[in-house]
J.: 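Here's a structure for you.
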Amino acid sequence: MSEIPKSYEPRDVEKRWYAAWLEAGCFKGRAQPGREHYSIVIPPPNVTGVLTMGHVLNNTLQDILIRRARLEGKSAVWVPGTDHAGIATQTVVERELRKQKVHRRDLGREKFVEKVWSWREEKGGIILEQLRRLGASCDWDRTQFTMDPHYSRAVLGVFVDLFRKGNIYRGKRMVNWCPASLTALSDEEVIMKPQKGFLYKVRYELVDRPGEFIQVATTRPETIPGDVAIAVHPDDPRYTALIGTKVWRPLVRAQIPIIADSAVDKEFGAGSLKVTPAHDRVDFEIGQRHSLEVRDVLNPNGTLNDLAGPELAGMDRFAGRKKSAELLEASGNLVAAEPYENNIGYSERADVPIEPRLTWQWWLRYPRVEEAKQVVRDGVIRFHPDRWEKVYLHWLDSIQDWCISRQLWWGHRIPVWYRKGIERETLTEADLRDPAKLHVSLDGPPDPENWEQEEDVLDTWASSWLWPFATMGWPDETAMREQNLATFYPTSTLVTGPDIIFFWVARMIMAGLEYMNPGEPIEQRVPFRNVYFTGIIRDGQGRKMSKSLGNSPDPLDLIDKFGADGLRFGIISIAPQGQDIRFQEDRIEAGRNFCNKLWNASRFRQMSGPMGDNSSVDAILSRLEPAKFDADDHAILLGLLRLESEITDAFAKFEFSGAVQKLYTFFWSDFCDWYVEVSKSKLQPPSSSDSGAPRDESLKGNCLAIQDLVLRQVLLLLHPFTPFITEELWHGLGYGAEGTFIQDQSPGFAKEFEARIGSLDAAAAAQVEQLKASSNQVRALKAEYNLASKRDVKLSLTATDAQWAILSSSLAGFTRMAGAAEVIRTPEPQPGPSIVTALGTFTLDLASQVDPAAEKQRLAKELEKVRGHIAGTEARLANKAFTDKAPPAVIDGAKKQLADLRDKAAEMERLIAAL
RNA sequence: GCGCGGUUAGCUCAGCGGUAGAGCACUACAAUGACACUGUAGGGGUCGUAGGUUCAAAUCCUAUACCGCGCACCA
């Protein structure tokens, strides 16, 4: 490498290596016998999607796991793909069409679906392209789409199977109806929001006693034309006499009965409830119990229909609300309208209030509910963090049947055919099982001319719940073999957000248990063994990032600005396990800075001396001369070994931000700020400002080899987090031959080190801590006297022989680090600014410039601090309870500390007296 | 109403029994053969509040306040 730029420039490096990885097939998932496997399926983003910060976090984590698995020699695969995302995609395309003043009805179903497909062809790959920029090492040849022919067959096949098993039925029930998307939604797609409105108190006149009234409260007066009864609590003495009598409905005037039902809350309002079975879940149930008519006054799009009466018909539900209140007021039946706030359900996608609506839908009774609970309770599947287990189990405990039909065109059309001429409204449960009336199959009836296919499509999640195995060829035997389903299922880890724990995670578990590896142990049937829940990325104000708020930075801009590695490193560093994340660009900047530091440390290594044989760990180890290790060498190597085990541990615990933090601190503080700086005194030719001790060539050789070793291992540990720069430097520093890749190596070196070098000296590492602390103190003293940090000062030192032994063995390094020209041992303290350290008392050679009074004051102030410490420690040791009960190590520590502090105080007193 | 998080330096967050940490920001110094995307030093916190357990509490327990989220909801 000749011309190395001063700062790391990611753009070219990223492009080059990503192409090289693809070219070499580095990401290909192969089943390799004898190797452990590691597999991940991507949570499929919507085909309509573009990359968000959420995707960046989520996919970086997956990439980290999969790249680490490759380093560990596992046979790894990461399966990518996209989701057809029924409502979302259909809405996007409809919006596009509307710009051209076209409605989907104008096109008709077939043409419209064609449009969506061509739209997908055009824009559907964007997000996957963006993932490549991030560095995602997916096996792209396996890219899946939930509407691919083979995938669709899996989805419809499951429908047919579950229908035959009796889990799927057609039923007329109250559903969550979205008046904007014109479809039913599952309970999970409804979000509750508080809404300000009015509570209207309305009086209904008693038929038998004109002039007397019963009062009810409602937030929705526009539904009064749908009232079919007034309900009171059976035990409510106020109304016992009225039960069974009739009242006049004030809008679309008619007689309706007063009934008794215990669902009524006696305490709320007047304790009486208007019953509108078509427009409220509770009312519907009351209606069922009392065989009441269902009087639907709304059209599917949320406007009022003719049953609402001529004044209201045709109006939107919200305008109708206002109008109906006016009508009630005009007729004198509105008693009051009080401001009121209540929670109402909104369609998650369309963001409009949903309507409870009675419609025919397809329902699924979930299979394997008990097993799904059991696998999580027993730890067959582990959640990280585990608190989500509770949420998951609670949902399964109160699980309701799943409404799987959607009144959309974009999706998997339900494989059900009705015999022509059949009255669908009256089909009974038995009729559904009668092949003369209903045909359910994958390929349709043999005589299609006599049948009509169901118009509805399946909920998107009714396809994505098969993702962990339908992406690997299931249920086609040949495809399963080709795609190594037997090897890669169950997958290893699922990385996803807790917001889809019900939508997706729970359902995948049930689907896996129902369909995979029947008869085998439950460990083989679950879809994954670990679920890592990420936090949600919020903006600086804590708001969720969303397109509509425009508060989400474009990750591609961040990649341009800071590099993919910088972005990855930064985002992981602010993403502690399971905690929401406030996005701050300066952390991404810190990620870039770290990459730059790594780059420059490598650059420095190249400039420091000739590169030795770096082709393997053993090659580097054989260059070491352990007999000549100095304290710094011991310390940095111990640190490197510790780092290796800490990172291994962090992966086991899914603590990625902790891992990143450890790598950062070790590399920047321990290696660059200390080891490399100390190295300079060994590596650089003596200069005039240095004390001119001759360089020992073996010291230099050790130093370079150790730098090579540290850099090598750090690159390996870092590679999953920052793949591009580590690959670049891996080759730049000669660790890997051309045509090989960093991922082919093992991340650890502890075993080889143990075998070749043996153990290191922990005492030496402790000495380095003293050297660091002492040099810090000297620097601080210099700063206090406004001396530049350059080496331009003579230090004199009074020290015991033991202290001097430590210091003299590292004298050149220490002198450099303390920022001194030289350190001279003197028997007695010299006059001048002094500092008492663990390695002796250092004095700046500034005698003439020092004001003794000021120096006295400075020392006195510091002495006071030390005495405070002494007093505290003495008190602790004097406490019998402490000495009796605290562990010996703690007590010894306190004693040692006290002794050191007393020595220090004595020395300071001596200095003060001498002034 | 039930459940789950959070409350630590100006900001964003680690720490989760042994006398407070990081990054950013701030102050001062440093144009040096790796790096100004840098180096050195510094200021800044009675760890939400009140009790309790313990020789020892930011850390464990109990209450409580505030912020956020989820589930269930009374019209």
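In what follows, every chain begins at residue 1, and chains take the letters A, B, ... in the order their sequences are listed. Atom set for the values below is all heavy atoms of this structure, side chains included, hydrogens, waters and symmetry mates excluded. The structure displayed is predicted, hence computed values, not measured ones.
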J.: Between B:rU27 and B:rA34, how far is it from one P atom to the other, in whole Å?
T.: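 About 28 Å, rounded to a whole number of Å.
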J.: Taking the side chain as C-beta and beyond, is there a heavy-atom pair between A:Pro339 and A:Lys196 under 4.5 Å?
T.: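 Contact flag for A:Pro339/A:Lys196 side chains = no.
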J.: Could I get a table of every N or O pair under 3.5 Å where one atom is in the protein and the other is in nucleotides 12-16 of chain B?
T.:
unit_1	atom_1	unit_2	atom_2	d
B:rU12	O4'	A:Gln584	OE1	3.1

J.: So which nucleotide does B:rG48 pair with, by the Watson-Crick or G-U wobble rule with both distances under 3.5 Å?
T.: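 Pairing partner: B:rU64.
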J.: Tell me the partner of B:rC35, counting only Watson-Crick (N1-N3 plus N6-O4 or O6-N4) or G-U wobble (N1-O2 and O6-N3) with both under 3.5 Å; none if nothing fits.
T.: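 Across any shown strand, B:rC35 pairs with none.
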J.: Between A:Asp580 and A:Arg538 (salt bridge meaning N to carboxylate O under 4.0 Å), is one present in this structure?
T.: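 Judged by the 4.0 Å cut-off on N to carboxylate O distance, A:Asp580 and A:Arg538 do form a salt bridge.
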J.: Within the structure shown, what part of the strands sits under 4.0 Å from A:Ala780 by heavy-atom distance: base, sugar-phosphate, or nothing?
T.: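 The answer is sugar-phosphate, as A:Ala780 gets under 4.0 Å only of primed atoms, P, OP1 or OP2.
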J.: Could you check which of B:rC35, B:rG18, B:rC69 has an atom nearest any side-chain atom of A:Arg538?
T.: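 The answer is B:rC69, which lies nearest to the side chain.
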J.: Where the side chain of A:Lys662 meets the backbone of A:Glu646, is there a donor-acceptor pair that is under 3.5 Å apart?
T.: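 Not at all, since once roles are kept as given, no pair shorter than 3.5 Å links the two residues.
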J.: Report the base-pairing partner of B:rC69 (Watson-Crick or G-U wobble, both distances below 3.5 angstrom), or none.
T.: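 Its partner is B:rG3.
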J.: Applying a 3.5 Å limit to both distances, which nucleotide forms a Watson-Crick or G-U wobble pair with B:rG43?
T.: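 Its partner is none (no Watson-Crick or G-U wobble pair with both distances under 3.5 Å).
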J.: Test A:Phe383 against every option in A:Phe654, A:Trp388, A:Tyr392 by the ring-ring contact (aromatic ring centres under 6.0 Å, His included) rule and name the one that passes.
T.: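 So, applying the ring-ring contact (aromatic ring centres under 6.0 Å, His included) to A:Phe383 and each of A:Phe654, A:Trp388, A:Tyr392, only A:Tyr392 qualifies.
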J.: So, is A:Trp668 close to the B:rC35 phosphate, meaning a side-chain N or O under 4.0 Å from OP1 or OP2?
T.: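 Checking A:Trp668 against B:rC35: no side-chain N or O falls below 4.0 Å of OP1 or OP2.
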J.: Identify which nucleotide among B:rG39, B:rA34, B:rC55 has an atom closest to any side-chain atom of A:Lys680, counting heavy atoms from C-beta outward.
T.: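 Side chain of A:Lys680 sits closest to B:rA34.
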J.: At under 4.0 Å between heavy atoms, what does A:Val890 touch on the DNA or RNA strands: base, sugar-phosphate, or nothing?
T.: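 If one applies the 4.0 Å heavy-atom cut-off, A:Val890 turns out to touch a base.
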J.: Distance check, P atoms only: B:rG10 and B:rU64, in whole angstrom units.
T.: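 Per the computed distance, 29 Å lies between those P atoms.
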J.: From the options B:rA34, B:rG5, B:rC55, select the nucleotide whose nearest atom is closest to the side chain of A:Met607.
T.: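 The closest nucleotide is B:rA34.
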J.: Ignoring hydrogens and geometry beyond distance, is the side chain of A:Lys662 in donor-acceptor contact with the base of B:rA22 at under 3.5 Å?
T.: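 Result: no qualifying N/O pair found.
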J.: Using only atom types and a distance under 3.5 Å, with no angle test, would you say the side chain of A:Ser775 pairs donor to acceptor with the backbone of A:Lys772?
T.: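 Present.
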J.: Of the nucleotides B:rG18, B:rC24, B:rC35, which has the atom closest to the A:Asp586 side chain?
T.: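 Closest nucleotide among those given: B:rC24.
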J.: What nucleotide among B:rC55, B:rA34, B:rC35 has an atom nearest to a side-chain atom of A:Pro887?
T.: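 Comparing B:rC55, B:rA34, B:rC35 against the side chain of A:Pro887, the answer is B:rC55.
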J.: Check whether any side-chain N or O of A:Asn776 sits under 4.0 Å from OP1 or OP2 of B:rA41, and answer yes or no.
T.: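 Yes, within the criterion.
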J.: Taking any heavy-atom pair under 4.0 Å as a contact, classify A:Asp499: base, sugar-phosphate, or nothing.
T.: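 The residue A:Asp499 makes no contact with any strand.
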J.: What distance, rounded to whole Å, do you find between the two C1' atoms, one in B:rU62 and one in B:rA57?
T.: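 Each nucleotide's C1' atom is 15 Å from the other's.
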J.: So, A:Arg779 side chain and A:Met817 main chain: donor-acceptor pair closer than 3.5 Å or not?
T.: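 Yes; at least one donor-acceptor contact below 3.5 Å.
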J.: Under a 3.5 Å cut-off for both contacts, is B:rA58 paired Watson-Crick or G-U wobble with anything, and if yes, with which nucleotide?
T.: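 Its partner: none found.
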J.: For residues 867-896 of chain A, which residue pairs qualify under ring-ring contact (aromatic ring centres under 6.0 Å, His included), counting only residues two or more places apart or in two chains?
T.: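 Residue pairs passing ring-ring contact (aromatic ring centres under 6.0 Å, His included), neighbours aside: none found.
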J.: Looking at the rings of A:Phe814 and A:Phe842, which for Trp means the six-membered one, are their centres under 6.0 Å apart?
T.: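 Judged by ring-centre distance (under 6.0 Å), A:Phe814 and A:Phe842 do meet the cut-off.
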J.: Side chain of A:Arg779: nearest nucleotide among B:rC35, B:rA41, B:rC55?
T.: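 The nucleotide sitting nearest to the side chain is B:rA41.
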J.: Picking from B:rC35, B:rG18, B:rG3, which would you name as closest to the side chain of A:Arg876?
T.: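 Within the option list, the nearest is B:rG18.
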J.: Quick one: do A:Glu864 and A:Arg867 make a salt bridge, cutoff under 4.0 Å?
T.: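 Salt bridge between A:Glu864 and A:Arg867, a charged N being under 4.0 Å from a carboxylate O: no.
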J.: Assign A:Thr873 to base, sugar-phosphate, or nothing according to its heavy-atom contacts below 4.0 angstrom with the strands shown.
T.: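 Base contact.
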J.: Using the C1' atoms only, state how far B:rG3 lies from B:rA72, rounded to an integer number of Å.
T.: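 About 11 Å, rounded to a whole number of Å.
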J.: Using 30° and 60° as the class limits, which term best fits the ring planes of A:Phe502 and A:Trp395: parallel, tilted or perpendicular?
T.: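 Parallel, since the angle between the ring planes stays under 30°.
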J.: Heavy atoms under 4.0 Å, any strand shown: does A:Pro498 hit a base, just sugar-phosphate, or nothing?
T.: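 Since no nucleic acid heavy atom lies under 4.0 Å of A:Pro498, the category is nothing.
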J.: Rounded to whole angstrom, note down the C1' distance from B:rA41 over to B:rA56.
T.: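 Comparing C1' positions in B:rA41 and B:rA56 gives a spacing of 34 Å.
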J.: Would you mind pulling out the nucleotide paired to B:rG23, Watson-Crick or G-U wobble, both distances under 3.5 Å?
T.: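 Across any shown strand, B:rG23 pairs with B:rC11.
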J.: Between the side chains of A:Arg295 and A:Asp227, is the shortest nitrogen-to-carboxylate-oxygen separation below 4.0 Å, so that they form an ion pair?
T.: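 Here A:Asp227 does not pair with A:Arg295 in a salt bridge, since their nearest N and O are not under 4.0 Å apart.
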J.: Under 3.5 Å, is there an N or O donor on one side and an acceptor on the other linking the side chain of A:Lys597 and the base of B:rC35?
T.: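 Answer is yes: a donor-acceptor pair is held.
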J.: Please work out if A:Cys595 contacts a base, only the sugar-phosphate, or nothing of the nucleic acid, heavy-atom cut-off 4.0 Å.
T.: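 It contacts nothing in the nucleic acid.
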J.: Please tabulate the protein-to-nucleotide N/O contacts below 3.5 Å involving nucleotides 71-75 of chain B, giving atom names and distances.
T.:
unit_1	atom_1	unit_2	atom_2	d
B:rC73	N3	A:Asn343	ND2	3.4
B:rC73	N4	A:Asn343	ND2	2.2
B:rC74	O2	A:Asp265	OD2	3.0
B:rC74	N3	A:Asp265	OD2	3.2
B:rA75	OP1	A:Asn342	ND2	3.3
B:rA75	OP2	A:Tyr340	OH	3.0
B:rA75	O3'	A:Thr219	N	3.0
B:rA75	O3'	A:Thr219	OG1	3.0
B:rA75	O2'	A:Ala217	O	3.0
B:rA75	N6	A:Asp265	O	2.6
B:rA75	N6	A:Phe268	O	3.3
B:rA75	N1	A:Asp265	N	3.3

J.: From the set B:rA41, B:rA36, B:rC55, return the single nucleotide nearest to any side-chain atom of A:Asn879.
T.: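 Closest nucleotide to the A:Asn879 side chain: B:rC55.
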J.: Kindly point out which of B:rU40, B:rA34, B:rU38 is positioned nearest to the side chain of A:Asn593?
T.: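 Looking only at heavy atoms from C-beta outward on A:Asn593, the closest nucleotide is B:rU38.
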J.: Suppose we call a contact any N or O donor and acceptor under 3.5 Å apart; does that hold for the side chain of A:Glu784 and the base of B:rA28?
T.: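 Answer no: no donor N or O sits under 3.5 Å from an acceptor.
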J.: With a 4.0 Å cut-off on heavy atoms, is A:Gln897 in touch with a base, just the backbone sugar-phosphate, or nothing at all?
T.: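 Counting heavy atoms under 4.0 Å across all strands, the contact made by A:Gln897 includes a base.
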J.: Return yes if some donor-acceptor pair links the side-chain N/O of A:Asn600 with the main-chain N/O of A:Lys6 below 3.5 Å, else return no.
T.: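 It does hold such a pair.
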